[in-house]
Amino acid sequence: MPGRSLGDYARPVYNQQQSSVSPPPIDANNFVQRVLQTIQNNCIFRGKPNEDPNNHLMDFDEIMNTFCYNGASHDTIYLIAFPFSLKDDAKQWLRSLPTRSIRTWEEMTTKFLEKYFSAAKTGRMRKEIHYFSQGEGEIVFEA
């Protein structure tokens with residue numbers, strides 16, 4: 001990505017990884033209630049240290065891609081639905097942000113990852129990469 005500073009590479013970025021599944025389009029617009037129920041039953045993030053915020057965003061995106069927006073923008077639908085995927089500490093974090101301070105889905109994912117993909121987690125991952133070693137009798141692919 002041109003124009004990125006060195007510091008930009010150290011910040012977590014939601015990679016919007018696409019699913020390997022490519023279903024055909026469907027002619028259905030009104031299952032918002034079912035989508036919200038699906039989110040609340042299968043896609044909850046509580047803000048606990050063992051939860052992966054990137055996985056949560058990918059799971060959320062998979063659910064949101066199951067219905068048509070009926071003329072509403074992607075940002076609008078995602079921003080309306082996302083709070084339903086948060087509980088406990090994560091919900092409190094969202095509510096602690098300044099009113100109307102998040103206006104796009106990109107802003108939401110950036111703030112969410114900055115909060116929950118902590119510097120400690122990043123440091124731990126860097127350390128694992130730095131001290132990576134191949135075990136005896138282990139091929140590189142298995143290491």
Side-chain angles (χ1 to χ4, degrees), residues 1-133 135 138-143:
M1 192 178 282
R4 290 179 72 186
S5 71
L6 188 55
D8 290 338
Y9 289 96
R11 287 188 193 92
V13 175
Y14 173 46
N15 59 15
Q16 297 178 340
Q17 187 173 354
Q18 298 296 310
S19 171
S20 58
V21 178
S22 180
I26 58 173
D27 186 21
N29 288 333
N30 287 331
F31 36 92
V32 173
Q33 185 176 3
R34 277 188 266 153
V35 170
L36 293 178
Q37 286 174 334
T38 302
I39 288 169
Q40 291 183 324
N41 292 334
N42 302 299
C43 185
I44 293 297
F45 187 86
R46 298 180 186 283
K48 304 297 180 206
N50 63 331
E51 292 178 298
D52 184 332
N54 251 319
N55 280 341
H56 177 69
L57 291 172
M58 288 189 308
D59 292 344
F60 180 79
D61 201 36
E62 278 180 358
I63 291 169
M64 295 305 292
N65 283 322
T66 63
F67 72 102
C68 300
Y69 303 135
N70 203 17
S73 74
H74 174 271
D75 281 356
T76 300
I77 296 299
Y78 275 53
L79 290 174
I80 289 170
F82 189 67
F84 291 96
S85 74
L86 304 178
K87 296 276 188 215
D88 303 336
D89 293 345
K91 186 73 134 195
Q92 290 306 315
W93 161 78
L94 183 63
R95 290 178 176 161
S96 75
L97 297 175
T99 304
R100 301 190 188 279
S101 63
I102 299 174
R103 298 180 182 274
T104 67
W105 179 240
E106 184 178 349
E107 288 175 359
M108 175 61 80
T109 59
T110 299
K111 285 192 182 292
F112 181 73
L113 288 172
E114 285 174 354
K115 172 66 177 169
Y116 290 105
F117 202 91
S118 69
K121 210 179 260 188
T122 303
R124 191 170 52 250
M125 293 172 103
R126 279 191 189 127
K127 188 175 181 180
E128 287 176 15
I129 291 169
H130 182 73
Y131 291 106
F132 168 80
S133 65
E138 200 174 38
I139 62 173
V140 174
F141 179 74
E142 294 172 340

* Asked: Going by heavy atoms in the side chains, are L94 and K111 under 4.5 Å from each other?
  -> no
* Asked: Less than 4.5 Å apart, any side-chain heavy atom of L57 and any of D61?
  ->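 No, too far: nothing below the 4.5 Å cut-off.
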* Structure fact -> Residues passing the side-chain contact (heavy atoms from CB on, under 4.5 Å) test with N42, sequence neighbours excluded, are T38
Reported [atom1]-to-[atom2] distance for the pair [X] and [Y], which is rounded to 0.5 angstrom:
| X | Y | atom1 | atom2 | result |
| --- | --- | --- | --- | --- |
| L86 | Q40 | CG | CD | 10.5 Å |
| L36 | F84 | CG | CZ | 5.0 Å |
| Q92 | L97 | CD | CG | 11.5 Å |
| T110 | K115 | OG1 | NZ | 16.0 Å |

* Asked: At their closest point, which heavy atom of A90 faces which heavy atom of F45, and how far apart are they?
  -> CB-O, 3.5 Å
* To do: Provide the closest heavy-atom pair for S85 versus C43 in the form atom of the first, atom of the second, distance.
  =>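 Nearest pair, atom of S85 first, then C43: CB-O, 3.2 Å.
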* side chain to side chain donor-acceptor pair (under 3.5 Å): pairs with one or both residues in residues 94-103, sequence neighbours excluded -> none
* Quick one: salt bridge (charged side-chain N to carboxylate O under 4.0 Å, His left out) partners of D88, sequence neighbours excluded? ->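 If we apply the salt bridge (charged side-chain N to carboxylate O under 4.0 Å, His left out) test to D88, skipping adjacent residues, the hits are R46.
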* ring-ring contact (aromatic ring centres under 6.0 Å, His included) partners of F82, counting only residues at least two apart ->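 F82 satisfies ring-ring contact (aromatic ring centres under 6.0 Å, His included) with H56, F60, W105, F112 once adjacent residues are dropped.
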* Output all residues satisfying side chain to side chain donor-acceptor pair (under 3.5 Å) with T104, sequence neighbours left out; order by chain, then residue number. =>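 None.
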* Does atom CD of E106 have more than 12 heavy-atom neighbours from other groups under 6.0 Å away? ->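 12 or below, so no.
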* Intermediate values then yes/no, side-chain contact (heavy atoms from CB on, under 4.5 Å), Y116 and E51 -> CA-CA 9 Å; Y116 290 105; E51 292 178 298; over 6 Å; no
